[in-house]
Amino acid sequence: MRRFRTIAVTSAFALALTALAAAPASAFTTAVGDESGEQEFVVLFTAGTSSAAAKAAVTAAGGTIVSENTDVGVATVRTTDSDFEAQALAQGAIEGTAQNRVIADAPDDALTGEQVKKLDAAEAEVRQHSGKASAASSAKKGNGKTLTAEPLAPLQWDMQQIGATVDGSYKTEPGSKKVLVGILDTGVDGSHPDIAPNFDAKKSRNFTVDIPFDANGDVIDGPCEDEADGSCNDPADVDEDGHGTHVASTIGSPINGIGMAGVAPNVTLVNLRAGQDSGYFFLQPSVDALTYAGKIGVDVVNMSYYVDPWLFNCASHPADSPEDQQEQQTIVKAMQRALDFARNRGVTLVSAAGNGATDYTKVISDTGSPDFADVPGEIAYTRDLLDPATCTSMPSEGKGVISVSSTGVSKRKAYYSDYGNGYIDVAAPGGDVYDTPTNTRDITKAILAAYPKSLAEANGEIDADGNPTVEYVVKSCDAAGTTCGYYQYLQGTSMASPHATGVAALIVSKYGIPDIIRGGKYLPPAIVDARLRQTAVDTACPTPPAFTYTRITPAGATITATHTCEGKLSQNGFYGNGIVNALKAVGR
């Protein structure tokens, strides 16, 4: 989750995850520097407030609505009034505000600055200390009648763990084209040969606008000049980060004689981009993506991230300023409204549990919030969350959301995965590069899935002949050798969540009924949730329940950490109701 939930095997600590029409509804309309001193806020209106009343309240507070989501009562607002927050809260129609970003001119030398990316230690572990490159792979041609394993299937221990194979769930229920799976992430490379057959470009949307620089002049998503039309709006079929493409591939890469297959190889993938190129996920795009999903008949959404800038949103933490307290309250309320809107319209909600290696039901020390210091002078500080119940991570702790922990190849809980009895609903393979007999690093114990060729080229991960130069990138071509795709190893609960999402999509495919209103299939989220849990494989806590992880890094350092699993066989803090299983979920 990169974002909250992913852990790459790349070189840096890489990956961690706004009007509902084709145009993005985020507040950003141009490059940086519209007006010095101008700020943006996401405003939450009191339930039942009309659009006219909302506009009047914002105007009275000294702001202007840039975009509005009337379905859940949220709007992005611009203002030059330094007292906007206080004036807004004095309006009866406004329930809360959350700062979006400061709009300011970037320094002349900003282009030479280092790009700011949201980092995730687990994800980065995959890309560090890279050795020799992986060999290219060619597909084996089937006879057109027999279901043939994809060429990279032997590397997919994750699919074998949950029964998503040609001899397992693929034979029984490979998924239905009528089932829509929404990917709330950094984007999806719709041109990737192992995604394109299942990608719905018409329904896909990008709810973000690239942020070239922050208020300090640091590069965030990169210059907008990189876009073909010179704007800050990426098309809805690109992924300039790689995280979303990996997630989409795990869920629904087709069986087509190249690369790999996802959990549900016949479902339809819809890009509902809510994340920046840099890996940050903000409130307005998340809200807009969820409401859009509910409107167009999406059946399942995957959310491998947390809403920035607060990992935990606390209503009244004494270390937070009154402004920060009400901002966090606004994030929780607005996100829950959007989650409810989607779920009430048939969307099953699945989220990564997090890569913090912490028990969400115990005292937690949050040292990384706020993580996006676009406001000058605001930096992360330590907050001891003595009562976890008063602080909420969104969306994983949202009501109606299925929270997924991560397992390694041995089925142990991954060393980085967050956990907690009552927090974790189910577990799924997300990779653990140290889940080896000697506790040393092996990137093949991470999760392999699609990777945009453009990123591999830009990062120097393939040579002039198109062959990988690093161990975490794999190439696969069709039998004729004319069509090739690239894949990367990543680990994290960001990778676990899409496995559960894929199984949920199979459940809708098999048991869903025709949706006479929006087309496609329909199965109430409560039923999908129940089936997912009932068919998950009960997995007991380790013995003893206080399990000590040992990691011996490539540099020779030994790192240990002890996590305690609480609960019983059928429900515990490491696995929830068990490890999801595609074959059991759709029967035989």
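Nothing fancy with the numbering, it's 1 onward along the sequence.
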Does either side chain, that of [X] or that of [Y], offer a donor lying less than 3.5 Å from an acceptor on the other one?
| X | Y | answer |
| --- | --- | --- |
| T186 | D239 | yes |
| Y451 | N459 | yes |
| E461 | Y486 | no |

ask   = Is there any salt bridge (Lys or Arg N to Asp or Glu O under 4.0 Å) pair reaching into residues 52-65, and which pairs are they, with sequence neighbours excluded?
value = none
request  = Take Y360 and Y419 through the test ring-ring contact (aromatic ring centres under 6.0 Å, His included) and record every step on the way to the result.
outcome  = CA-CA 6 Å; Y360 268 40; Y419 57 103; 8.8 Å; no
Would you mind checking if [Y] and [X] are paired as a salt bridge, meaning a charged N to carboxylate O distance below 4.0 Å?
| X | Y | answer |
| --- | --- | --- |
| D234 | R273 | yes |
| D71 | K295 | yes |
| R337 | E95 | yes |
| K399 | D340 | no |

query = Distance from L385 atom CG to R383 atom CZ, nearest 0.5 Å?
reply = 6.0 Å
Salt bridge (charged side-chain N to carboxylate O under 4.0 Å, His left out) against D529, all qualifying residues, sequence neighbours excluded = R533
task = Could you tell me if the ring centre of F372 sits under 6.0 Å from that of Y280?
result = yes
task = Using the disulfide (SG to SG under 2.5 Å) rule, collect all pairs that involve residues 288-362, keeping only residues at least two apart or in two chains.
result = C314-C391
